[in-house]
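Here the structure is laid out as C-alpha cells; the discussion comes afterwards.
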Amino acid sequence: MTEKLTDEERAEALGGLPDWDPVVGREAIAKSFRFADFNAAFGFMSRVALRAERADHHPEWRNTYDLVEITLTSHDAGGLSRKDIDLAHFIDRAAGGT
C-alpha cells in the first residue's frame with residue numbers, strides 16, 4: 001500500500017513544487033498549465049500519460065483547448081504520497097518548467 005506523507009514531509013515536498021496549490025477540502029494538490037494551442041496541450045498530456053501509466057499512478061485532469069488542469073492525490077493512501085510528488089516534478093519538467 002502507498003504511504004501517505006506526514007504533515008512535515010508534505011510541507012517539505014511542496015516547498016520544492018512552485019505553483020502547486022493545496023486543494024481546499026481534499027488531501028490533494030493542483031496546478032494549471034497553459035500552452036500555445038490544443039496540439040501542444042495534448043502532446044504534454046500524452047507525455048504525462050505515458051509516465052503515469054509506467055508508474056501506475058494516474059492524475060485527475062481536465063483539458064480545454066490550450067489549458068490543462070491537473071490534480072494529484074493517492075486515493076489508496078488517503079492523501080498525498082511520494083508518488084504524487086514524483087509525478088508533479090515530472091509534470092513540471094514535461095511542461096518545460098511552466
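This structure is a prediction, so every number in the text was calculated from the model and none was measured. Quick note: numbers below take in every heavy atom, side chains included, and nothing from hydrogens, waters or symmetry partners.
Checking each of Thr71, Leu87, Val68 against Pro59 for a side-chain contact (heavy atoms from CB on, under 4.5 Å) leaves exactly one that passes, namely Leu87.
Residues Phe35 and Leu67 fail the side-chain proximity criterion, which asks for heavy atoms closer than 4.5 Å. Using a 4.5 Å heavy-atom cutoff, the side chains of Phe33 and Asp19 are not in contact. Contact check for Arg47 versus Arg93: no side-chain heavy atoms found under the 4.5 Å cut-off. No side-chain heavy atom of Asp37 sits less than 4.5 Å from a side-chain heavy atom of Asp66.
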Pair His57-Asp84, side-chain hydrogen bond (donor to acceptor under 3.5 Å, both in side chains): steps then yes or no: CA-CA 8 Å; His57 189 64; Asp84 299 302; 2.6 Å; yes
Trace of the side chain to side chain contact (heavy atoms under 4.5 Å, CB included) decision for Ile85 with Leu5: CA-CA 10 Å; Ile85 303 308; Leu5 296 176; 3.8 Å; yes
Check against side chain to side chain contact (heavy atoms under 4.5 Å, CB included), Ser81 and Glu3: CA-CA 6 Å; Ser81 74; Glu3 295 285 324; over 6 Å; no
Pair Ile70-Ile91, side chain to side chain contact (heavy atoms under 4.5 Å, CB included): steps then yes or no: CA-CA 9 Å; Ile70 301 177; Ile91 289 168; 3.9 Å; yes
Test side chain to side chain contact (heavy atoms under 4.5 Å, CB included) applied to Leu72 and Trp20, step by step: CA-CA 10 Å; Leu72 298 176; Trp20 283 89; 3.7 Å; yes
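Minimum interatomic distance between Ala36 and Ala40 (heavy atoms only, all atoms of both residues): N-CB, 4.2 Å. Across Arg82 and Ala13, no two heavy atoms sit closer than the pair NH2-CB, 4.4 Å. The two residues Asp56 and Lys83 make their nearest non-hydrogen contact at O-NZ, 4.3 Å. Residues Ala49 and Trp61 come closest through the heavy atom pair N-CH2, 3.9 Å.
Other residues, nucleotides and ligands place no more than 12 heavy atoms under 6.0 Å from the CG atom of Asp7. The 12-atom threshold is not exceeded at CZ of Phe42, counting heavy atoms of other residues, nucleotides or ligands nearer than 6.0 Å.
With rounding to the nearest 0.5 angstrom, the NE2 atom of His58 is 11.0 Å from the NE2 atom of His75. Rounded to the nearest 0.5 Å, atoms CZ (Arg62) and OG (Ser32) are 9.5 Å apart. In this structure, CZ in Phe44 is found 13.0 Å from CZ in Arg34, a value given to the nearest 0.5 Å. The OG1 atom of Thr73 sits 5.5 Å away from atom CG of Leu80, with the distance rounded to the nearest 0.5 Å.
Between Glu27 and Arg10 there is a salt bridge, since at least one side-chain N of the basic residue sits less than 4.0 Å from a carboxylate O of the acidic one. A salt bridge links Glu60 with Arg26: the closest approach of a Lys/Arg side-chain nitrogen to an acidic carboxylate oxygen falls below 4.0 angstrom. The existence of a salt bridge linking Lys31 and Asp92 is confirmed by a sub-4.0 Å separation between a basic side-chain nitrogen and an acidic carboxylate oxygen.
Glu12 contributes no side-chain N or O that, together with a main-chain N or O of Glu9, makes up a donor-acceptor pair within less than 3.5 Å.
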